[in-house]
S.K.: 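Mind having a look at this structure? Questions to follow.
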Amino acid sequence: MTMILHLFGISCLRYIGEKQKRVSYMSHYLLIPGKHQLERDVFMYRAYIAQKKYRVVLDEITGVSPSELQPLKLLAEYFAAPAKRSSIVSKLEQQTSGNVDVGNHTFLIVAATIYYHEGNFESALRILNQAEHLECSALTLQTYLKMNRVDLALKELKSMQEKDDDATLTQLAQAWLNITMGGEKLQDAYYIFQEMTDKHASTPLLLNGQAVSFLGQAKYEEAEAALQEALDKDSNNPDTLINMIVLSQHLGKPPEVSNRYLSQLKESNIDHPFVKEYLQKESEFDRLTKLYSASSVAEVS
């Protein structure tokens, strides 16, 4: 029973974004044998992936490791080796084209996560819709929000509430949906994030949630305080840096302030979707500028 309670607590830490404590707790229970050892290992390796410690996962999960751990090695490889992503996705297509073990929800989460990062939301939903696991439902809701399908996200939230209304994931899903809907729902989202902070821990994920709800309500000083605390906890967190860029614009700070955060974001999270899209638009702008300049010179001549 003690081990089950600790695993439950660790799963809560995972969902609210507390990565270091999860690894520390897993290391503390490293030598505990029994039927919960595999679940503990799944939590631990997912924490290492969240910390971008991909080499640990790649080195420790071998061909003889349990099948439940193999998807995590695939996910670590996907994030660690951008040049191999095309082949990894092809391999994933083969694995998901036939009968999928819906009981291995770790594989479903990994497959859907890779598709999500590839922008292939239809395939992500195809995988997730095969499972009843609450985490699969949460990722389904996130995918719907990414597709701007708030109506479908609402239905998914109701399904999650029917499964477990008090679960950490269900509460987080409610907060994400509240932020998307905006208006009076923003304050409700803040209360959810604050309650989780009081109950579990103050993490960059929860602090960014609070900051976004503050930004939507034009409470810029409160947003700045939350984001500064998030920066103190993780100076390279991409969500914090992006929100700091947005906040700097709202506060009318000098351009060099937001540029500083942008430079840090590019350096520490070059593979982030925001950075990729920004660099693409920056390149397109430079191309159009050169094209316009060349046209102007030709007209003068």
Side-chain angles (χ1 to χ4, degrees), residues 14 19 41-42 44-131 133 135-136 138-149 236-239 241-242 262-288:
R14 181 177 81 222
K19 296 171 283 191
D41 288 345
V42 169
M44 180 175 66
Y45 288 124
R46 289 185 67 175
Y48 279 127
I49 291 173
Q51 290 182 311
K52 300 183 180 181
K53 296 179 179 179
Y54 309 125
R55 179 47 54 189
V56 176
V57 181
L58 294 172
D59 287 345
E60 294 190 5
I61 298 180
T62 66
V64 297
S65 298
S67 59
E68 289 84 354
L69 297 180
Q70 298 300 327
L72 297 178
K73 183 168 187 175
L74 185 69
L75 185 62
E77 186 178 8
Y78 174 82
F79 286 127
K84 296 182 180 179
R85 288 182 181 175
S86 179
S87 61
I88 291 174
V89 172
S90 297
K91 179 180 179 181
L92 190 62
E93 288 285 354
Q94 295 176 356
Q95 293 178 332
T96 59
S97 60
N99 294 327
V100 177
D101 180 9
V102 296
N104 186 354
H105 87 275
T106 300
F107 172 74
L108 301 179
I109 290 293
V110 166
T113 298
I114 291 176
Y115 282 132
Y116 183 95
H117 279 271
E118 288 291 307
N120 189 346
F121 304 128
E122 290 77 11
S123 292
L125 292 172
R126 172 174 56 83
I127 295 297
L128 293 169
N129 288 337
Q130 301 182 59
H133 195 277
E135 189 173 1
C136 292
L139 186 49
T140 297
L141 184 142
Q142 281 186 313
T143 304
Y144 283 141
L145 292 180
K146 189 71 173 179
M147 298 169 67
N148 296 316
R149 292 302 305 270
N236 290 322
N237 182 279
D239 293 334
L241 294 172
I242 292 169
L262 181 60
S263 297
Q264 185 177 347
L265 181 65
K266 290 179 181 178
E267 182 178 11
S268 60
N269 295 275
I270 191 63
D271 207 36
H272 192 277
F274 178 92
V275 176
K276 286 184 175 180
E277 185 175 356
Y278 183 90
L279 293 175
Q280 183 180 1
K281 292 183 183 301
E282 193 174 50
S283 176
E284 181 66 12
F285 179 81
D286 291 340
R287 186 186 68 82
L288 292 173

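Residues take their numbers from the sequence shown, with the count starting at 1. This one's a predicted model, so the numbers in the text were calculated from it and none came from an experiment.
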S.K.: What are the two closest heavy atoms between L72 and V110, and how far apart are they?
M.R.: CD2-CG2, 4.0 Å
S.K.: Can you list everything that forms a ring pair (Phe, Tyr, Trp, His ring centres under 6.0 Å) with F121? Sequence neighbours excluded, please.
M.R.: Y116
S.K.: Is there a side-chain contact between K91 and Y78, using heavy atoms and a 4.5 Å cut-off?
M.R.: no
S.K.: Please lay out, stage by stage, how R85 and D271 fare under the test salt bridge (Lys or Arg N to Asp or Glu O under 4.0 Å).
M.R.: CA-CA 12 Å; R85 288 182 181 175; D271 207 36; 2.5 Å; yes
S.K.: Would you indicate whether the side-chain heavy atoms of R46 and V42 approach each other to under 4.5 Å?
M.R.: yes
S.K.: Set out, in order, the CA-CA distance, both residues' side-chain angles and the distance that settles side chain to side chain contact (heavy atoms under 4.5 Å, CB included) for Y115 and L125, then state yes or no.
M.R.: CA-CA 9 Å; Y115 282 132; L125 292 172; over 6 Å; no
S.K.: Of all heavy-atom pairs between Q95 and V100, which one has the smallest distance, and what is that distance?
M.R.: O-CG2, 4.2 Å
S.K.: With rounding to the nearest 0.5 Å, note down the distance linking NZ in K146 to CG in L139.
M.R.: 12.5 Å
S.K.: Less than 4.0 angstrom from a charged side-chain N to a carboxylate O is my criterion; do E284 and R287 meet it?
M.R.: yes
S.K.: Over all heavy atoms of both residues, which pair between E60 and S65 is shortest? Give the atoms and the distance, please.
M.R.: O-OG, 3.9 Å
S.K.: Would you give the length of the straight line joining atom CG of L92 to atom CD1 of I114, rounded to the nearest 0.5 angstrom?
M.R.: 5.0 Å
S.K.: Taking the side chain from S283 and the backbone from L279, do they hold a donor-acceptor pair closer than 3.5 Å?
M.R.: no
S.K.: Say you draw a straight line from CZ of F79 to OG1 of T113; how long is it, rounded to the nearest 0.5 Å?
M.R.: 6.5 Å
S.K.: Among all residues two or more places apart in sequence or in another chain, which pass the side-chain contact (heavy atoms from CB on, under 4.5 Å) test with L58?
M.R.: R55, K73, A76, E77, A80
S.K.: How long is the span from the CG atom in L128 to the CD1 atom in I109, to the nearest 0.5 Å?
M.R.: 6.0 Å
S.K.: Enter the distance from L69:CG to D41:CG here, rounded to the nearest 0.5 Å.
M.R.: 6.0 Å
S.K.: Is there a side-chain contact between I127 and F107 (heavy atoms, below 4.5 Å)?
M.R.: no
S.K.: Parallel under 30°, tilted from 30 to 60°, perpendicular over 60°: which one fits the rings of H105 and H133?
M.R.: parallel
S.K.: Could you tell me whether the side chain of N236 and the main chain of N269 form a donor-acceptor pair under 3.5 Å?
M.R.: no
S.K.: Nearest 0.5 Å, please: how far is CD in Q70 from CG in L74?
M.R.: 9.5 Å
S.K.: Kindly indicate, with the supporting measurements, whether the criterion side chain to side chain contact (heavy atoms under 4.5 Å, CB included) is fulfilled by V57 and K53.
M.R.: CA-CA 7 Å; V57 181; K53 296 179 179 179; over 6 Å; no
S.K.: Measure across N104 and P71 and return the closest heavy-atom pair with its distance rounded to 0.1 Å.
M.R.: ND2-CG, 4.4 Å
S.K.: Looking at every non-hydrogen atom in both residues, tell me the closest pair between L108 and A131 and how far apart they are.
M.R.: CD1-CB, 3.3 Å
S.K.: Which residues satisfy the side chain to side chain donor-acceptor pair (under 3.5 Å) test with N120, sequence neighbours excluded?
M.R.: S123
S.K.: Kindly check if the number of other-residue, nucleotide or ligand heavy atoms within 6.0 Å of CD (E282) is above 12?
M.R.: yes
S.K.: Quick check against the 3.5 Å criterion: does E93 have a side-chain atom that pairs as donor or acceptor with the backbone of I88?
M.R.: no
S.K.: Tell me, do L262 and K266 make a side-chain contact under 4.5 Å, heavy atoms counted?
M.R.: yes
S.K.: Over 60° means perpendicular and under 30° means parallel, so tell me whether F274 and Y278 are parallel, tilted or perpendicular.
M.R.: parallel
S.K.: Work out which heavy atom in P238 is nearest to a heavy atom in H272; give both atom names and the distance.
M.R.: CB-CD2, 3.5 Å
